[in-house]
Amino acid sequence: MGSIVQLSPVTRIEGHLGIRTEVENNVVTAAYCSGEMFRGMETILQGRDPLDAQQIMQRICGLCPVSQGTASILAQDMAFGISPPKNGRLVRNLILAADYLHSNILHFYQLSLIDFIDITAITKYKGTDPQLLDFKTWVLHFMSNSKMVSVPPFMPRYKSRYITDDDYNILAVKHYLQALEARALAHRMGAVFAGKMPHAATLVPGGVIGKITVGKIASYRSMLRQVQKFITTCWLPDLLEVAAAFPDYFKIGRGCGNLMAYGAFPESEDMKQQFFPSGVSFGNSVSTLDISRISEHCASSWYSSPSGLHPAQGTTRSAPDKHGAYSWIKAPRYDGKVMEVGALARVMISYRKKDNPALVQALDQFFTAAGCNSNNMYSVLGRHAARAIESKILADRCDAWLEQLVPGEEASIDFSIPASGRGYGLTEAPRGALGHWLEIRNHKISRYQCVVPTTWNCSPRDDYGVPGPVEQALVGTMLADTDQPIEAARVVRSFDPCLACAVH
Ligand code: NFE
Ligand code: MG
């Protein structure tokens, strides 16, 4: 007999996500993703000065503010008919890269690793590391004070199989703590050029405000070195440990198999070449991205906005009582098809295009070390691997961008805001393809539409009734114990959902 298994709220993600699954004989047969809050950031911009956009839209999220700001200034660049000088392009890349490193490390260590390791191993720690001894004391304090074992944010947790090697679990706890330090470094790297983080103060149309100095370059580089060391000595080995302990997760959570990337980190002023290329992939093929094929469906979403429109024509009209709807997330589609976005899409599209030798080499090395292949990337472990691998090659690429900066030269150009205009900004947030569409009338914003990575990944059923990427990835997942649905939670978390972004 079938049953309903709820994951609501889903913890260790950003924002308010509820998931309802239908389960038969312990296998998920259907899933429904619900974005449970409304925000209305697009409507807040109506009638405002265009220059407010990059600051207000960064407040969509504290995890990917730089991406939101970047999409916004790219849309304004297009609407104003300007583009940044070389220093501006490079500094934008460096600020965005720092945010990627922060966000990707956070996702693996603070949000996901706890699904695989057993942090109670720390109670058996006999060494002298002061950080680990403090952590052990803290865990024991909670465990002795609660009848139900509670060690927030680690426990309670689902009863399940976790890694059993105590020595490794303790090492992973150490890396969890070091990840906090690496994240702080990544934010400080961003702040060197952004003025402050997480919400960058210096992003403007036409470039980035602030002088480029030798001191800033050296400061960024010295912190980058430490983050690079963390990636190679902690993160990549931890990824392989988890992969070795849970090889079944190379087959769990496959998803729709369709991937899309807008591309990010321009390598030239005309934006034609990007470090992460754009593209769409169905099966093993990659084709050119055509953004005229994007539309947003609303059938299952609490909006009365017309369905199926391109975002340049889109509207945001809330309809909380709408019959048949179950989410505040719209359902974006490409050519009417469900698309997964994110690190997996970026990595696989670049790998298939063979346009980046560093990426191809890093991914091939991972396949050899983990004993898997490109087909296994469509999985829980594949998504985790993609984030680690892209972080490694992106951090390495930052060195070249620092080299190319010219101290003393301008990083932005002057501009004037036209009375009317249109533009769009496409980039890649850490969680995937991000687009902002802007329309200006009488010098004010008359329309602003965002289609955000988690809008794609956590989308509900579309106008044809076809489930979104996370909904599809959950189908077929075997739950060992339907009261402890950790397998489903691992699938959902592999997408790194951010609901604040998704509903925006
Ligand atoms: Ni709130 Fe975001 C990223 C964007 S996800 S984290 O990365 O844009 O929808
Ligand atoms: Mg939107």
Side-chain angles (χ1 to χ4, degrees), residues 13-17 33 35 37-46 54 57-72 74-75 96-107 111 198-199 260-262 264 276 294-298 301-303 305-307 309-318 327-333 339-346 383 386-387 390-391 394 424-438 447-459 468-470 493 495-504:
I13 61 156
E14 208 292 331
H16 305 273
L17 172 65
C33 264
M37 64 179 167
F38 175 65
R39 298 188 67 206
M41 295 292 283
E42 292 154 333
T43 52
I44 288 170
L45 281 188
Q46 306 266 332
Q54 76 270 18
M57 292 328 243
Q58 284 193 70
R59 270 70 190 173
I60 285 178
C61 184
L63 292 178
C64 64
V66 176
S67 330
Q68 305 289 354
T70 301
S72 186
L74 289 172
L96 183 59
D99 196 41
Y100 263 62
L101 296 173
H102 172 269
S103 179
N104 283 351
I105 293 170
L106 163 75
H107 176 257
L111 303 184
H199 298 106
M260 183 180 75
Y262 291 162
F276 291 130
I294 295 170
S295 60
E296 281 200 299
H297 295 201
C298 298
S301 315
W302 285 304
Y303 297 98
S305 313
S307 195
L309 295 181
H310 187 271
Q313 273 88 46
T315 59
T316 307
R317 279 189 227 122
S318 63
S327 181
W328 285 108
I329 305 174
K330 291 184 184 174
R333 296 293 186 257
M339 306 302 286
E340 176 173 346
V341 300
L344 176 65
R346 283 191 289 274
R383 293 186 190 95
R387 261 178 227 108
E390 74 164 10
S391 299
L394 181 61
Y424 57 83
L426 304 181
T427 185
E428 289 283 318
R431 286 155 197 76
L434 171 67
H436 286 196
W437 280 261
L438 162 73
R447 186 196 304 270
Y448 204 99
Q449 288 285 300
C450 313
V451 185
V452 178
T454 304
T455 320
W456 289 93
N457 286 340
C458 284
S459 70
V470 170
R493 289 202 189 97
F495 284 84
D496 193 2
C498 173
L499 273 289
C501 276
V503 294
H504 51 270

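First listed ligand is number 1; within each ligand, the first listed atom is number 1. Being a predicted model, the structure only gives us computed values, none of them experimental.
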Query raised in the report: Does Arg39 reach the side chain of Ile60, with side-chain heavy atoms less than 4.5 Å apart?
Result: yes
Query raised in the report: At distances under 2.8 Å, what protein N, O or S atoms surround the Mg ion (ligand 2)?
Result: Glu42 OE2, Cys450 O, His504 NE2
**Report entry** Check ion pair Glu340-Arg383 (N to O, under 4.0 angstrom)
**Finding:** yes
Are there any N/O pairs under 3.5 Å between ligand 1 and the protein, and if so, what are their distances?
unit_1: ligand 1; atom_1: 7 (O); unit_2: Pro430; atom_2: N; d: 3.3
unit_1: ligand 1; atom_1: 7 (O); unit_2: Arg431; atom_2: N; d: 2.7
unit_1: ligand 1; atom_1: 7 (O); unit_2: Arg431; atom_2: NH1; d: 2.8
unit_1: ligand 1; atom_1: 8 (O); unit_2: Gln68; atom_2: NE2; d: 2.8
unit_1: ligand 1; atom_1: 9 (O); unit_2: Thr454; atom_2: N; d: 2.8
unit_1: ligand 1; atom_1: 9 (O); unit_2: Thr454; atom_2: OG1; d: 2.9

Query raised in the report: Should the ring pair Phe38 and Trp328 be called parallel, tilted or perpendicular, given that the plane angle runs from 0 to 90° and is split at 30 and 60?
Result: tilted
**Report entry** Donor-acceptor side-chain pairing of Arg431 and Ser103 below 3.5 angstrom
**Finding:** yes
Query raised in the report: So do the side chains of Ser295 and His310 get within less than 4.5 Å of each other, counting heavy atoms only?
Result: no
Query raised in the report: Are the side chain of Ser459 and the backbone N or O of Ala331 linked by a donor-acceptor pair below 3.5 Å?
Result: no
Query raised in the report: Do the side chain of Ser327 and the main chain of Ile329 share a donor and acceptor less than 3.5 angstrom apart?
Result: yes
Report summary line: Sorted by chain and residue number, the side chain to side chain donor-acceptor pair (under 3.5 Å) partners of Ser391 (sequence neighbours excluded) come out as Asn104
Query raised in the report: According to the salt bridge (Lys or Arg N to Asp or Glu O under 4.0 Å) rule, which pairs have a member within residues 447-459, sequence neighbours left out?
Result: Glu439-Arg447
